[in-house]
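To start, the structure itself, in structure tokens.
These figures come from a predicted structure and were not determined experimentally. Numbers restart at 1 for each chain; the letters A, B, ... are given by sequence-line order, proteins then strands.
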2 protein chains.
Amino acid sequence: MRNAQPETLTLDRVATPVGEVLLVTDGEGAVRALDFADYEDRMSRLLRRHAPGATVADGRAPEGVRAAVERYFSGDVRALDGLTVRTGGTEFQRTVWKALRAIPAGETRTYGQLAAAIGSPRAVRAAGLANGQNPIAVIVPCHRVIGANGTLTGYAGGIERKRWLLDHERRA
Amino acid sequence: MRNAQPETLTLDRVATPVGEVLLVTDGEGAVRALDFADYEDRMSRLLRRHAPGATVADGRAPEGVRAAVERYFSGDVRALDGLTVRTGGTEFQRTVWKALRAIPAGETRTYGQLAAAIGSPRAVRAAGLANGQNPIAVIVPCHRVIGANGTLTGYAGGIERKRWLLDHERRA
DNA sequence: GGAAGTCTCGCGGTTTTCGGACATGGGAGT
DNA sequence: ACTCCCATGTCCGAAAACCGCGAGACTTCC
């Protein structure tokens, strides 16, 4: 049950120290998805959910977006802050994702702090779930959220990458 | 769980011998919905389903579409054949709706014949269900399908209107 | 006998409902 | 220290209910 509102998205691939990432942008230069290449099928699933009817074609992302991603991995960890993102999702999820972008590189928050930040201090677990469903990894920094006791708890791209990203941001 | 792809639809009203009809068209002149004014809430519901995120504003439909509808009710029962329609719905539903448009004005089919026409001779009841969920009444002529024994069985806009439409088309 | 009405059951796609699971954390009990 | 329990929003899968039907068996009533 879907309607057909044709829209063509562009799928680019960028090499990084933690493996190739897939970068999906739309006609207006907004980022629609970012994920690691070894989880391509999951990303497709998310895309189908968030942009029903859209078709995805291989191509090159706008230069500014590509460059920002590359600069981030080279050490300029603030390079992603100016990028525009666009997602589907429920009201709640969008609120969570917006809150994520407010966490500066180099810092972390607990799931509890995240829940509190969006005004639903008791929806801790729900916030964690929404976090895990973030379709735009790295740019929407879901990796900056960790357990109250300091454990990394989980990451859709693999805990190793979460650790790497956090170290990378702290180093910078 | 919906994404936001803004699209504005136009809602027009046309007077007919069987009551006012609501006529929804999109920016490209395709018909997105048509229903009788006394079932407005149901139409809104269908629209929300088939065009999530779209907003509907009162206005005037493209002249060609309006004129076609008026000509149909004046006796030119083929006037609707050239109109473009656009719907959501499942694969199955769309197949059924396409098959409906192939039934010429003045003729009827049974639910069984309809099911057979789409290649699923045993999906009789499912075809009936899809028939009833047609969002574009009259133009997609779901009223031309009747029971195997000749009874009219049902019509979302009321059996009376179904009878009137069939008589009208036979007269012409 | 036979035409016409009733009842029963299976058909197949969609929708609704319901029960879990989940990238947590705080409090209470042992 | 460790275990158990609960709150919270969403997704997912399974199961059941729903129907704009129709064929076949069975009655009824001339």
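Atom-to-atom, CZ of A:R144 to C1' of C:dT24 comes out at 21 Å; the value is rounded to the nearest Å. Between A:Q133 atom CD and C:dC22 atom P the separation is 13 Å, expressed in whole Å. A straight line from CG of B:L165 to C1' of D:dG20 spans 15 Å, rounded to a whole angstrom. Atom CD in B:E160 sits roughly 15 Å away from atom C1' in D:dG20 (whole-Å rounding). Note: CG (A:L129) to P (C:dC22) measures 10 Å, nearest angstrom. A straight line from OH of A:Y39 to P of C:dA23 spans 12 Å, rounded to a whole angstrom. Atom CZ in B:F92 sits roughly 12 Å away from atom C1' in D:dC19 (whole-Å rounding). Following rounding to the nearest Å, B:N149 (CG) and C:dG5 (C1') show an atom-to-atom distance of 11 Å.
Nucleic acid contact class of B:V124 (heavy atoms, under 4.0 Å, all strands): sugar-phosphate only. Nucleic acid contact class of B:A127 (heavy atoms, under 4.0 Å, all strands): none. Note on B:G147: only backbone sugar-phosphate atoms sit closer than 4.0 angstrom, heavy atoms only; bases stay farther off. Across all strands shown, A:R125 has heavy atoms under 4.0 Å from base atoms, whether or not it also approaches the sugar-phosphate. The residue A:A126 sits close to a base: some heavy atom pair falls under 4.0 Å.
Considering B:L34, B:V24, B:V56, B:I136 as possible partners of B:M43, the one that fulfils the side-chain contact (heavy atoms from CB on, under 4.5 Å) test is B:V24.
Looking at every heavy atom in both residues, A:D26 comes nearest to A:E28 through OD1-N, 2.9 Å. B:A99 approaches B:I118 most closely through the heavy-atom pair CB-CG2, 3.7 Å. Across all non-hydrogen atoms, the minimal contact from A:Y39 to A:R161 is CE1-NH1, 3.9 Å. Between B:G88 and B:W97, the shortest heavy-atom contact is O-CZ3, 3.7 Å. Taking every heavy atom of both residues into account, A:P17 and A:W164 meet most closely at CB-CZ2, 3.6 Å.
Nucleotides D:dT8 and C:dT17 place their P atoms 22 Å apart, quoted to the nearest Å.
Side-chain atoms of A:E107 do not come within 3.5 Å of backbone N or O of A:P104 as any donor-acceptor pair. The closest donor-acceptor contact from the side chain of A:K162 to the backbone of A:C142 lies at 3.5 Å or more, if one exists at all.
Using a 4.5 Å cut-off on side-chain heavy atoms (C-beta onward), A:L22 and A:R13 make contact.
Sequence neighbours left out, the pairs with a member in residues 132-147 of chain B that pass side chain to side chain donor-acceptor pair (under 3.5 Å) are B:H143-B:E169, B:R144-B:E169.
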For DNA chain C, the expected dot-bracket line (Watson-Crick or G-U under 3.5 Å, [ ] crossing, | inter-strand) is ||||||||||.|||||||||||.|||||||
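An OP1 or OP2 oxygen of C:dT15 is reached within less than 4.0 angstrom by a side-chain nitrogen or oxygen of B:R49.
Of all the residues in residues 106-120 of chain B, not one reaches under 4.0 Å from DNA chain C with any non-hydrogen atom.
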